[in-house]
Amino acid sequence: MTHPVVRTRFAPSPTGLMHVGNLRTALFEYLIARSMGGQFILRIEDTDQGRLVEGAIDIIYNTLRQVGLRHDEGPDVGGPYGPYVQSERRHVYKPYAEQLIREGHAYRCFCSRERLEQLRERSGTEGGFAGGYDRHCRNLPPHEIDRLLEAQTPHVIRQKMPLTGSTTFVDAVYGSITVENSELEDQVLLKSDGFPTYNFANVIDDHLMAITHVVRGSEYLSSTPKYNQLYEAFGWDVPVYVHLPLILGADGKKLSKRHGSTGYHDLITEGYLPEAIVNAIALLGWCPKDNRELFSLEELCRDFDVTGISKSPSVFDYGKLDWFNAAYIKALDPSAFIERARSFLPASVLGDEQRELLVVDMLKPRISRLTEIPERLRFIDRIEDYPLSLFENKKSKSTLESARVALNALIPVLESLSEWSRSSLHDTLMAQAEPLGMKTGQMLWPLRIAASGLEVTPGGAIEVLFLVGRAESLRRLESGRQRLAQA
RNA sequence: GGCCCUAUGGUCAAGCGGUCAAGACGCCGCCCUCUCAAGGCGGAAUCAGGAGUUCGAUUCUCCUUAGGGUCACCA
């Protein structure tokens with residue numbers, strides 16, 4: 001028994017940025033296709049001419065490319081089922097709508113927007129009719145229709161829903177769902193401008209493009225019975241539905257702007273890596289059999305399984321995203337790290353291989369976002385005023401007095417150091433602890449403080465001295481010594 | 001409001017009639033340590049409530065409650 005090739009599609013409307021919700025949907029569509037050896041199609045749904053945003057399509061292309069979701073067919077790469085932009089397919093929908101009229105599954109509606117609005121206001125939230133429309137035009141006498149058509153009255157084409165009975169569909173994650181047909185509104189299929197509505201274009205295109213799995217957010221669950229009615233009216237096979245649980249913000253509401261950065265590019269600007277974002281959202285609403293957490297896209301393609309998708313909505317946790325990002329940063333090899341972090345690194349570090357490698361080692365375990373880098377390394381290029389109290393540290397047993405002793409003893413040693421390298425700094429300084437009668441922590445604490453002016457630095461005294469450089473280090477140490485002497 | 005969906009720690013979640021109810025993030029403690037991290041070890045923290053079914057319910061059914069979604073010539 002042979003199965004048809006699995007085909008999924010990502011069908012965004014180019015109305016702005018790439019929301020993490022959209023990206024998650026795209027990812028799952030991609031994974032479902034790839035995990036079953038299928039194809040992933042990109043289709044642009046621009047049937048709302050009023051909401052088009054310039055450049056939005058490029059944002060979609062860029063995002064998909066950056067995260068590695070390569071589509072097999074689409075506006076830019078072509079394919080046997082094109083065109084892949086709905087506005088270029090405008091002519092294909094109308095004949096289908098007319099076919100439905102002929103076969104008694106749809107009708108022309110001449111109601112004005114004003115009338116519909118009044119209808120909605122009058123029924124209020126009580127909702128006397130499904131969707132608020134009273135089906136006024138559903139049974140217009142033929143001569144009346146002809147008259148209105150001759151008068152070129154603007155009209156839409158509506159789906160004629162069955163008034164009785166019920167519709168049942170099966171969703172791969174939510175199971176079997178049944179809705180009374182009386183709940184289904186006579187939804188608009190073709191708008192008065194000739195463009196199809198989203199729901200209509202979707203069904204037509206999904207069928208024409210041989211889409212086998214319709215994957216989308218669970219907000220479409222309640223309109224799915226209407227889709228089924230359409231498929232049945234045409235006599236087409238109903239696709240496999242895979243509805244994805246919603247992604248919420250920390251307050252439990254649908255994720256939106258006020259929850260912070262929810263656009264893919266916002267996250268990138270904030271220093272998150274594409275692979276970390278992908279990994280994080282893959283685990284939002286999906287859990288692998290073995291409970292593993294770190295997944296490359298390739299591994300996801302191999303292990304993804306629809307049965308691991310959960311039904312309940314999940315809150316997007318930025319803290320967990322940070323952890324994923326930190327994990328991916330740690331896994332970067334030095335050259336890759338430098339490449340990604342280049343724009344955040346100080347010029348004084350770039351170009352010197354030894355310094356670059358040290359900075360990479362220092363930064364990798366300490367940052368969760370690339371944007372933290374400038375702040376972490378700021379001490380290299382300049383030192384801020386710092387209080388003398390920084391020299392005091394209980395755990396290191398450092399006091400103003402011990403700091404004074406240490407600096408007085410170490411400065412001359414450092415001044416006479418022939419080679420300002422990490423190893424020579426390390427060996428030389430460590431050899432001083434014993435004669436000073438100090439533990440390394442006690443001895444090194446004031447050095448690090450005086451060299452950086454910071455209570456916390458990425459790396460210890462030796463790394464700080466090395467990065468700050470000989471001349472500037474000695475200047476800072478001397479300054480610290482003088483301040484301590486006056487205290 | 002009608003209809004639909006959902007319900008395990010603060011968050012992500014495993015579980016699919018019998019478990020001391022996994023794991024991860026975060027939090028707390030200890031170890032390591034030239035600060036801070038990272039790493040290692042340990043800890044606190046969960047089955048919304050109520051009826052049933054059953055020898056036995058986190059798991060199955062119903063009700064309640066709470067959340068969410070949807071009711072456009074938007075997608």
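From a predicted model like this one, the values you see are computed outputs, not experimental measurements. Residue numbers begin at 1 in each chain, while the letters A, B, ... track the order of the sequences.
- Within 4.0 Å of A:Thr47, counting heavy atoms only, lie sugar-phosphate atoms of the nucleic acid but no base atom.
- Listed by chain and number, the residues in a ring pair (Phe, Tyr, Trp, His ring centres under 6.0 Å) with A:Tyr198 are A:Tyr220 (sequence neighbours excluded).
- With sequence neighbours excluded, the residues that form a side-chain hydrogen bond (donor to acceptor under 3.5 Å, both in side chains) with A:Tyr227 are A:Asn199, A:Arg216.
- Residues satisfying the side-chain contact (heavy atoms from CB on, under 4.5 Å) criterion with A:Glu88, sequence neighbours excluded, are A:Pro83, A:Val85.
- When the side-chain contact (heavy atoms from CB on, under 4.5 Å) test is applied to A:Pro288, the partners found at least two apart in sequence or on another chain are A:Leu283, A:Trp286, A:Asp290, A:Phe295.
- Within the 4.0 angstrom heavy-atom criterion, only backbone atoms of the sugar-phosphate kind lie near A:Val188; the bases stay farther away.
- Salt bridge present: A:Glu185 and A:Lys226 bring a charged side-chain N and a carboxylate O closer than 4.0 Å.
- The nearest heavy atom of RNA chain B to A:Ile177 and to A:His155 marks one nucleotide each, and the one closer to the 5' end goes with A:Ile177.
- Under the side-chain contact (heavy atoms from CB on, under 4.5 Å) criterion, A:Lys439 pairs with no residue at all, not counting sequence neighbours.
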Base versus backbone protein contacts along nucleotides 23-36 of chain B [heavy-atom cut-off under 4.0 Å; B, S, -]: -BS-------BBBB
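- B:A45 is unpaired under the criterion used here, namely a Watson-Crick or G-U wobble arrangement in which both key atom distances are under 3.5 Å.
- A:Lys330 comes within 4.0 angstrom of the backbone, heavy atoms only, and of no base.
- Closest to the side chain of A:Tyr174, out of B:U6, B:C71, B:A38, is B:U6.
- OP1 and OP2 of B:C16 both lie 4.0 Å or more from every side-chain N or O belonging to A:Lys289.
- By the salt bridge (charged side-chain N to carboxylate O under 4.0 Å, His left out) test, A:Lys320 is found to be paired with A:Glu293, residues two or more places apart in sequence or in another chain being considered.
- Of the nucleotides present, none pairs with B:G26 by Watson-Crick or G-U wobble criteria with both distances under 3.5 Å.
- Residues meeting the side-chain hydrogen bond (donor to acceptor under 3.5 Å, both in side chains) test with A:Thr167, sequence neighbours left out: A:Asn181, A:Gln229.
- Across all strands shown, the partner of B:C62 is B:G50, judged by Watson-Crick or G-U wobble contacts whose two distances both fall under 3.5 Å.
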Protein within reach of the bases, or only the backbone? For nucleotides 60-69 of chain B, mark each nucleotide 5' to 3' as B, S or -, using heavy atoms under 4.0 Å. --------SS
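- When heavy atoms are screened at a 4.0 angstrom cut-off, A:Ser192 is found touching base atoms of the nucleic acid.
- Across the strands present, B:C20 finds no partner; the criterion is a Watson-Crick or G-U wobble pair with both atom distances under 3.5 angstrom.
- In this structure a side-chain-to-backbone donor-acceptor pair under 3.5 Å is present from A:Asp171 to A:His243.
- A:Glu392 is linked by a salt bridge (charged side-chain N to carboxylate O under 4.0 Å, His left out) to nothing, counting only residues two or more places apart in sequence or in another chain.
- Within residues 278-287 of chain A, the residues having any heavy atom under 4.0 Å from RNA chain B are, by residue number, A:Leu283, A:Leu284, A:Gly285, A:Cys287.
- For B:C36, there is no paired base (Watson-Crick or G-U wobble, both distances below 3.5 Å).
- Checking B:C3 for Watson-Crick or G-U wobble geometry (two distances, each under 3.5 Å) identifies B:G69 as its partner.
- Residue A:Arg158 has a polar side-chain atom (N or O) positioned under 4.0 Å from OP1 or OP2 of B:C73.
- A:Phe304 has its ring centre less than 6.0 Å from the ring centre of A:Phe28.
- Following rounding to the nearest Å, A:Met362 (CE) and B:A37 (P) show an atom-to-atom distance of 15 Å.
- Applying the side-chain contact (heavy atoms from CB on, under 4.5 Å) test to A:Thr164 and every residue at least two apart in sequence or in another chain returns nothing.
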